[in-house]
S.K.: 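Questions regarding the structure given below will be posed in turn.
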Amino acid sequence: MTERVVIIGSGPAGWAAAIYAARANLEPLVFEGALTQENYQQGTMPLGQLNLTTEVENYPGFPHGDLKGYLSSALPPESLSAVPEFDDPALTGPRLMHLMRQQAKNFGTRVITDDILEVDLSSRPFKLKSLDGIQTEAHSIIIATGARANYLGLPSEDKYKNAGVSACAVCDGGLPRFKSKPLVVVGGGDSAMEEATYLTKFASTVYLVHRRGEFRASKIMAQRVLDNPKITVKWFTGVEEVLGDEKLGVIGVRLKDLKSGVTEDVAASGMFCAIGHTPNTNFLNGQLQTDDKGYIVYTKAFRTDTSVEGVFAAGDVADSYYRQAITSAGTGCMAALDAERWLGAQGVH
Ligand code: NAP
């Protein structure tokens with residue numbers, strides 16, 4: 001049997017695409033990713049980057065409140081037990097992702113917990129092969145494999161992820177642990193400028209740590225940082241170690257002057273990495289047009305078409321700019337509608 005639409009990826013883009021495709025009676029098949037150690041280590045487990053965050057305060061429709069009753073009624077027991085800190089009243093990234101997944105399943109989406117390792121887009125129907133050896137054919141494909149944040153790669157950084165180490169100020173900056181405390185941001189691009197500026201709303205001081213003596217960021221964003229009295233720039237500086245405590249998480253960062261080699265410990269309750277993202281496109285093996293950073297390029301304005309007809313992209317895998325759950329869900333919806341209309345035009349219903 002040839003699938004009408006296969007969706008690869010299980011973040012907000014993948015599930016939004018699945019919900020729309022399922023409601024259009026396309027019976028989508030989602031490859032949500034495999035539960036492997038490799039995926040765990042590189043932040044590419046099922047349910048995407050949102051599953052790695054804590055509270056989500058900016059997803060429309062979920063004001064802060066006691067969600068326990070709603071979650072109990074919406075999710076099956078196996079999903080509930082997979083959602084951490086069930087007694088916490090707030091909406092969390094993992095909870096939101098389990099809700100989206102369940103919503104997609106409620107409309108008949110089929111889900112396979114496996115990675116797609118190879119695709120052949122050279123002729124239709126397209127061919128896909130999974131890590132477990134499942135071979136699938138599809139009339140259309142929606143790629144929603146997201147991107148992964150780059151981290152420095154220090155063992156101490158890994159240890160305190162979700163305990164003060166983050167790669168998303170918008171997601172995590174407002175958490176109580178960062179309020180009125182010093183924070184460290186690493187990077188010299190627009191993201192680092194944006195994160196450092198944003199974090200001054202909560203932090204007492206922000207140390208912006210950059211490995212060179214000039215920023216890569218746009219002039220206007222860099223100037224905003226340099227003019228901000230709450231930001232101290234540490235030029236020619238690297239992070240040697242994240243200092244922490246089992247109970248408190250991050251308590252400081254050991255910085256190293258890259259010219260003199262002298263180290264300095266600064267107290268901080270968090271470290272935010274803003275050193276770029278890597279889109280998850282390896283499995284495509286160069287078969288789709290990407291930009292110079294590897295993000296899939298849309299070939300039509302305000303559409304989710306890619307360089308191969310019948311293949312659509314949604315979410316962070318095609319977006320190095322907005323990278324929000326709501327924008328990913330939006331493009332997921334668009335991709336499903338684009339796929340449905342394209343399939344209709346091909347006579348596939
Ligand atoms: P980016 O422009 O690639 O900058 C990454 C920064 O991280 C660079 O300063 C780089 O240092 C540093 N870096 C990379 N690897 C590092 C490592 N291992 N150790 C220490 N530092 C490291 O990425 P971005 O800031 O995420 O921006 C991505 C794109 O999104 C850009 O096109 C940007 O303009 C856009 N963006 C726009 C806005 C906005 O306009 N509001 C906001 C965010 C992002 P070097 O400079 O030494 O290479």
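The first residue of the sequence shown is numbered 1, and numbering continues consecutively from there. In each ligand, atom 1 is the first atom listed, and ligand 1 is the first ligand listed.
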S.K.: Which atom pairs, nitrogen or oxygen on both sides, join ligand 1 and the protein at under 3.5 angstrom?
M.R.:
unit_1, atom_1, unit_2, atom_2, d
ligand 1, 9 (O), G188, N, 3.0
ligand 1, 9 (O), G189, N, 3.3
ligand 1, 11 (O), R211, NE, 3.2
ligand 1, 11 (O), R211, NH2, 3.4
ligand 1, 25 (O), D190, N, 3.3
ligand 1, 25 (O), S191, N, 2.9
ligand 1, 25 (O), S191, OG, 3.2
ligand 1, 26 (O), S191, OG, 2.6
ligand 1, 32 (O), K293, NZ, 3.4
ligand 1, 34 (O), D190, OD2, 2.6
ligand 1, 41 (N), E194, OE2, 3.0
ligand 1, 46 (O), R212, NE, 3.4
ligand 1, 46 (O), R212, NH2, 2.9
ligand 1, 46 (O), R216, NE, 3.0
ligand 1, 46 (O), R216, NH2, 3.4
ligand 1, 47 (O), R211, NE, 2.9
ligand 1, 47 (O), R212, NE, 2.7
ligand 1, 48 (O), R211, NH2, 3.0
ligand 1, 48 (O), R216, NE, 3.4
ligand 1, 48 (O), R216, NH2, 2.6

S.K.: So with a 6.0 Å cut-off around NZ of K256, is the heavy-atom count from everything else above 12?
M.R.: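 At most 12 heavy atoms, drawn from other residues, nucleotides or ligands, come within 6.0 Å of this atom.
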
S.K.: Salt bridge or not for E246 and K159, using N-O below 4.0 Å?
M.R.: yes

S.K.: Consider only side-chain N and O atoms of D338 and T304, and report whether a donor and an acceptor are under 3.5 Å apart.
M.R.: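 Short answer, yes.
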
S.K.: Taking disulfide (SG to SG under 2.5 Å) as the test, write out the residues that go with C333, two or more places apart.
M.R.: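 Partners of C333 under the disulfide (SG to SG under 2.5 Å) test: none.
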
S.K.: Begin from the C-alpha positions of S122 and D120 and carry the test side chain to side chain donor-acceptor pair (under 3.5 Å) through to its verdict.
M.R.: CA-CA 6 Å; S122 61; D120 179 356; 2.5 Å; yes

S.K.: Any carboxylate oxygen within less than 4.0 angstrom of a Lys/Arg side-chain nitrogen, looking at R110 and E27?
M.R.: no

